[in-house]
Amino acid sequence: MRMKKVFKAMLAATACACMLTMPLNIHAAEPTDGLVVDGSLLTHNDSTETTELFEWRFDSPESDVAPLGTYYAKGHAGISKVSSKSAYITARTDCYENCDTVVAEVNLQRLEGNTWAYVTTRSKTGNNTGSVKVSDTVRVKSGYYYRVVSFHSATKNGKREVGSATSESIYIG
């Protein structure tokens, strides 16, 4: 009888030790998922993309609303999680026709507290083209939300048109 009690106690102790030493992979949403910080929704998505088609301007109170973009058609920005230590960032500038100079720039930002902090930039310039794309896989610190802000410009015959796009964020942990 005593051996049974000793055996049960040893079995229970072994089971407890196994449970305590087992690594647990529990994915719980960060408490900030769903919040919007400076225009970017905080998510646990693996990737996010955004496209800025054009901006509006008011020349004067009496004028009609006119779209910017005689040459500049749209700007695209995206970020994808590659691993817990890297992200793929991209930006593309598209024009209605070939331009003298077309620029696409993508800026990676990391959320620190309630502020988006600069991490890195990639840019590309094309001449006599209608589209430019820049992309790269970059190293990141694990445990943060990241987003991209892209800047786009198209210049033809001395006229420069610009735009920008800001993505939602992704959590890389």
Side-chain angles (χ1 to χ4, degrees), residues 30 32-59 63-173:
E30 292 295 307
T32 51
D33 273 5
L35 294 178
V36 176
V37 177
D38 193 25
S40 291
L41 177 66
L42 305 183
T43 74
H44 259 76
N45 296 340
D46 286 335
S47 66
T48 184
E49 298 180 20
T50 187
T51 300
E52 183 262 340
L53 297 175
F54 53 81
E55 296 176 356
W56 295 97
R57 74 159 187 245
F58 296 89
D59 288 334
S63 73
D64 293 330
V65 176
L68 291 175
T70 303
Y71 307 115
Y72 168 62
K74 64 183 175 181
H76 169 85
I79 180 172
S80 300
K81 177 181 174 179
V82 176
S83 72
S84 63
K85 295 184 180 183
S86 64
Y88 175 79
I89 58 174
T90 185
R92 187 179 70 245
T93 303
D94 293 320
C95 302
Y96 293 115
E97 59 188 70
N98 283 356
C99 293
D100 300 331
T101 305
V102 179
V103 178
E105 178 181 297
V106 61
N107 296 281
L108 178 64
Q109 297 179 342
R110 174 177 54 236
L111 184 62
E112 295 180 358
N114 286 325
T115 304
W116 290 104
Y118 169 84
V119 177
T120 191
T121 297
R122 300 292 187 267
S123 65
K124 186 172 183 181
T125 301
N127 296 313
N128 300 314
T129 188
S131 182
V132 168
K133 178 180 178 180
V134 61
S135 60
D136 196 8
T137 299
V138 296
R139 291 191 54 79
V140 296
K141 290 182 180 179
S142 185
Y144 289 91
Y145 288 96
Y146 289 88
R147 73 173 185 180
V148 289
V149 178
S150 61
F151 297 99
H152 311 274
S153 72
T155 304
K156 186 164 184 172
N157 300 325
K159 180 180 178 185
R160 183 172 183 246
E161 298 174 344
V162 298
S164 66
T166 301
S167 74
E168 293 180 347
S169 74
I170 62 173
Y171 183 81
I172 300 180

Please name the pair of heavy atoms, one in [X] and one in [Y], separated by the smallest distance, quoted to 0.1 Å.
{"X": "Ser84", "Y": "Gly173", "result": "CB-O, 3.2 Å"}
{"X": "Ser153", "Y": "Thr93", "result": "O-CG2, 4.0 Å"}
{"X": "Ile172", "Y": "Ser86", "result": "CD1-O, 4.3 Å"}
{"X": "Leu41", "Y": "Gly34", "result": "CD1-O, 3.3 Å"}

Practice problem: Mind checking salt bridge (charged side-chain N to carboxylate O under 4.0 Å, His left out) for Lys156 and listing every partner two or more places apart, or none if nothing turns up? | Solution: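 Partners of Lys156 by the salt bridge (charged side-chain N to carboxylate O under 4.0 Å, His left out) criterion, ordered by chain and then number, come out as Glu97.
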Self-check item: Results of salt bridge (charged side-chain N to carboxylate O under 4.0 Å, His left out) for Glu112 - residues two or more places apart only
Solution: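 Glu112: salt bridge (charged side-chain N to carboxylate O under 4.0 Å, His left out) contacts with Arg110.
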Roughly how far, to the nearest 0.5 Å, is the [atom2] atom of [Y] from the [atom1] atom of [X]?
{"X": "Tyr146", "Y": "Lys141", "atom1": "OH", "atom2": "NZ", "answer": "7.5 Å"}
{"X": "Lys133", "Y": "Lys124", "atom1": "NZ", "atom2": "NZ", "answer": "9.5 Å"}
{"X": "Asn45", "Y": "Tyr171", "atom1": "CG", "atom2": "OH", "answer": "14.0 Å"}
{"X": "Ser47", "Y": "Lys81", "atom1": "OG", "atom2": "NZ", "answer": "11.5 Å"}
{"X": "Ile170", "Y": "Ser40", "atom1": "CD1", "atom2": "OG", "answer": "11.5 Å"}
{"X": "Cys99", "Y": "Arg160", "atom1": "SG", "atom2": "CZ", "answer": "12.0 Å"}

Exercise. May I ask you to check whether Arg92 and Thr90 show a side-chain donor-acceptor distance below 3.5 Å?
Key: no
Between [X] (side chain) and [Y] (backbone), is there a donor-acceptor pair under 3.5 Å?
{"X": "Thr43", "Y": "Ser169", "value": "yes"}
{"X": "Thr115", "Y": "Ala117", "value": "no"}
{"X": "Ser167", "Y": "Val148", "value": "yes"}

Practice problem: Would you mind listing every salt bridge (Lys or Arg N to Asp or Glu O under 4.0 Å) that reaches into residues 163-173, with sequence neighbours excluded? | Solution: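 Those involving residues 163-173 do not exist here.
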Self-check item: Thr70 and Glu161, any side-chain heavy atoms less than 4.5 Å apart
Solution: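 A side-chain contact exists here, since the closest heavy-atom pair is under 4.5 Å.
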Quiz item: Tyr145 versus His44: any side-chain heavy-atom pair under 4.5 Å?
Solution: yes
Self-check item: Chi angles and distances behind the side-chain contact (heavy atoms from CB on, under 4.5 Å) call for Leu111, Val37
Solution: CA-CA 9 Å; Leu111 184 62; Val37 177; 3.8 Å; yes
Quiz item: Would Val132 and Val103 satisfy side-chain contact (heavy atoms from CB on, under 4.5 Å), going step by step from the backbone distance to the final call?
Solution: CA-CA 7 Å; Val132 168; Val103 178; over 6 Å; no
Self-check item: Option passing side-chain contact (heavy atoms from CB on, under 4.5 Å) with Tyr88 (candidates Val82, Asp136, Val138)
Solution: Val82
Self-check item: Full working for side chain to side chain donor-acceptor pair (under 3.5 Å) between Asn107 and Glu105
Solution: CA-CA 7 Å; Asn107 296 281; Glu105 178 181 297; 3.1 Å; yes
Exercise. Show your reasoning for whether side-chain contact (heavy atoms from CB on, under 4.5 Å) applies to Asn98 and Asn128.
Key: CA-CA 6 Å; Asn98 283 356; Asn128 300 314; 5.7 Å; no
Quiz prompt | Derivation of the side-chain contact (heavy atoms from CB on, under 4.5 Å) call for Val134 and Ser123 | solution = CA-CA 6 Å; Val134 61; Ser123 65; 5.5 Å; no
